[in-house]
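Written out below as structure tokens is the structure these notes cover.
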Protein chains: 2
Amino acid sequence: MKDVAERAGVSESAVSFALNGRPGVSEATRERVRSVAEELGWRPSTAARALSGEGAATVGLVLARPARTLGVEPFFLQLVSGVQQVLAERQLGLLFQVVEDVAAECAMYEHWWAEHRVDGVLLVDPRAEDPRPDVLASLGLPGVVVGGTEARRGLSSVWVDDAGAMASVVEYLHALGHQRITHVAGLSELAHTQRRMASLRSETERLGLPHVRSLTTDYSDAEGAAVTRRLLDEPDPPTAVVYDNDVLAAAGVAAAAERRLPVPARLSLVSWEDSVLCRMVHPWLTALARDPLALGRVAAEELTRLLDGAPARTAGVPVPRLVVRESTAPPPGGGRDGDA
Amino acid sequence: MKDVAERAGVSESAVSFALNGRPGVSEATRERVRSVAEELGWRPSTAARALSGEGAATVGLVLARPARTLGVEPFFLQLVSGVQQVLAERQLGLLFQVVEDVAAECAMYEHWWAEHRVDGVLLVDPRAEDPRPDVLASLGLPGVVVGGTEARRGLSSVWVDDAGAMASVVEYLHALGHQRITHVAGLSELAHTQRRMASLRSETERLGLPHVRSLTTDYSDAEGAAVTRRLLDEPDPPTAVVYDNDVLAAAGVAAAAERRLPVPARLSLVSWEDSVLCRMVHPWLTALARDPLALGRVAAEELTRLLDGAPARTAGVPVPRLVVRESTAPPPGGGRDGDA
DNA sequence: TCACCGGTTGACATCGATGTCAGCCGCGGC
DNA sequence: GCCGCGGCTGACATCGATGTCAACCGGTGA
């Protein structure tokens, strides 16, 4: 900093004023200082700024999943990528941490807070009985819940309309004539799993579909295949299955192929998440497409808002769109009255 | 810190000495201080430590890929997860950044260095003509090249034996009787792509196989499928194809299915990377299995070594193991002499 | 009795920025 | 000629740790 001040022929105070956009220096000086700093490749030390009350210029993101179930879905990295697009503009860094469970995640927040390491965090995979928002609130650490609903002091949410999306899927399958629909869900603890299950129930009640249920899994291809096999072995198997992610769905396709059950002639399949996986199996999967990149961007924007002192709120992202491909068709027996 | 000193009934100096494991305090006091700090949930501010010369307690990782091609392979998150297992022990944070290209990555390193934001970095996807090691060297920022070879002041590498792995695949296919082998490679700029291509050439020359070549792609399912279709439409199509990653290979399986070409009866396929994808297509893919988690661990260990002042070196990880599944068999015409 | 020793204290400098404040300079207006 | 004002200086405090150093305290051995 001394160097910059010297080279620009001004005092250190002037440099600080100039680069932080505060009044007290002329526009000419400001520009000169800026260009000298650029030329010298100088940037203020984050440590020093953090120490003088500026915050750490970093946001945190903890992913609580056992290592082995990690990284199958493209979803997560896409989300992070969207987050970064926004953070980059503000010169904010992303501190990323993978831990085993939610307890470790809470501990992480406490550590980060105690060390003043992050200014705020992004919270993913919100759960039904989730201790994390309370931890953040009690620490006073700003956060944004991705896929959450609540908004309280220092805690915003980005709301994803799982219920609406589920309704659109059910409506679509019902219009094709399906009566026996099964939902192969993800982890039952997750908030969005419960929302989807609830929406499925209410929608099918509304439409008068009796043979409907949700089965939870751990999102793995193994369970996806196992559940599907079990379903197909039933005396009255479902004619349509909705899977909570692309991995489950792809495993479902494989299981149907094993049983030599033609898709979609005998069984319709829908994936909740559109990714390359959906176009890598045969037949191509009808899928709910959301935009993880955009979700990440919105979440990051909400967080920067909070850091700027804006009040907490709940933002929304567009409802996922159903992309119809080859894996869905009217049920065997042909359409609306076939099965009844 | 004052609070801790007070509660433990000692001076601030004693607290600092105690918690940093330096001589000058009795074991009893050390323990008491430790427990008080624990109890109060106190941790030293990273900013303050960094300022007094301790380093930022953070390592950086930049991923230079366009957002849309991101996150298809499980490989990357597994790697990160392995990295974290080691970093966690040392209370090191991981600053993670996604950028568009290598130039942006170099700029990132310069920024981080200027801001004293990281103590070292992990460099992934090394390239043939790679400017990044030079940038790191000129900055004096310690780094570990994952999948690299060089070791110079402040730059270690974790060596992955692509050549040996390629040799084992070629040997296996040759033993089955394949003569016409095609390698569907990844990005040609990447160092490991070139190593694999070179190894393929030298191995097949050694074995006297003439109909062999490498074709580069961008790793996407789209190109994987397109290249495979083109290959199958040739008058003398290959009898075996080796794909540089799981996504390409899965796309290849799909393309073969489109053409109604039975795998492995008419065409054998091998994936360079074992993941759930390989067990989600039919037939299941024979694959080279490496352990990204272990790779991440080794890389992180090398980096902590460097940070501790150890000299740069090249570490190795085990050669990938070929897992034979359903997608490989002798070529049509049956084995060794069939095609000649 | 005194020197020595490990354990400990307290005061102070240091890291690199920001925040504050009195004061200086030159220029324009009255 | 003087005031006032915008632009700028220079010195000092601050953030929260670490590093250093002289000095102190109680116990032991000479």
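Convention: sequence-line order gives letters A, B, ...; per-chain numbering from 1. Please read all numbers here as calculations on a predicted model, not as lab measurements.
- Contacts classified as salt bridge (charged side-chain N to carboxylate O under 4.0 Å, His left out) and involving residues 1-18 of chain A (residues at least two apart or in different chains) are given here: R7(A)-E39(A).
- Using a 4.0 Å cut-off, some side-chain N or O of S26(A) falls inside it from OP1 or OP2 of dC8(D).
- For T29(B), the side chain to side chain donor-acceptor pair (under 3.5 Å) partners two or more places apart in sequence, or in a different chain, are S26(B).
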Which side-chain N or O atoms in residues 153-161 of chain A pair as donor and acceptor under 3.5 Å with protein atoms at least two apart or in another chain?
from, atom 1, to, atom 2, distance (Å)
S156(A), OG, R313(A), N, 3.0
S156(A), OG, R313(A), O, 3.3
S157(A), OG, E150(A), N, 3.4
S157(A), OG, E150(A), O, 2.5
D161(A), OD1, A163(A), N, 3.4
D161(A), OD1, G164(A), N, 2.8

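- Running 5' to 3' along DNA chain C, contacts with non-hydrogen atoms of chain B at under 4.0 Å begin and end at dG7(C) to dG16(C).
- For P44(A) and T29(B), each mapped to the nucleotide of DNA chain C holding its nearest heavy atom, the one lying further toward the 5' end belongs to T29(B).
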Pairs of donor and acceptor atoms involving the side chains of residues 89-101 of chain A, under 3.5 Å and at least two apart or interchain, shall be tabulated with distances.
from, atom 1, to, atom 2, distance (Å)
R90(A), NH1, D308(A), OD2, 3.1
R90(A), NH2, D308(A), OD1, 3.0
Q97(A), NE2, Q84(B), OE1, 3.1
D101(A), OD1, A103(A), N, 3.3
D101(A), OD1, A104(A), N, 2.9

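- Annotation: salt bridge (charged side-chain N to carboxylate O under 4.0 Å, His left out) contacts involving residues 128-149 of chain B, sequence neighbours excluded, comprise E105(B)-R132(B), D130(B)-R132(B), D134(B)-R152(B).
- Applying the side chain to side chain donor-acceptor pair (under 3.5 Å) criterion to R297(B), with sequence neighbours excluded, gives Q85(B).
- For DNA chain C, the residues of residues 10-17 of chain B within the heavy-atom distance limit of 4.0 Å (strictly under) are V10(B), S11(B), S13(B), A14(B), sorted by number.
- The residue among H116(B) and R32(B) whose nearest nucleotide of DNA chain C lies closer to the 5′ end is R32(B).
- Heavy atoms of T46(A) sit nowhere under 4.0 angstrom from any nucleic acid atom.
- Taking the side chain to side chain donor-acceptor pair (under 3.5 Å) definition, one finds that E301(A) meets it with nothing, sequence neighbours left out.
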Could you go through residues 48-59 of chain B and list every donor-acceptor pair under 3.5 Å that involves a side-chain atom there, pairing it with any protein atom two or more places apart or in another chain?
from, atom 1, to, atom 2, distance (Å)
R49(B), NH2, N20(B), OD1, 3.0
S52(B), OG, A48(B), O, 2.8
T58(B), OG1, R117(A), NH2, 3.1
T58(B), OG1, A56(B), O, 2.9

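- Taking a 4.0 Å limit (strictly below) on heavy-atom distances, residues 48-57 of chain B reaches DNA chain C at L51(B), S52(B).
- Considering only residues two or more places apart in sequence or on other chains, E38(B) meets the salt bridge (Lys or Arg N to Asp or Glu O under 4.0 Å) condition with none of them.
- From S138(A), atom OG reaches atom CH2 of W113(A) across 8.5 Å, with rounding to the nearest 0.5 Å.
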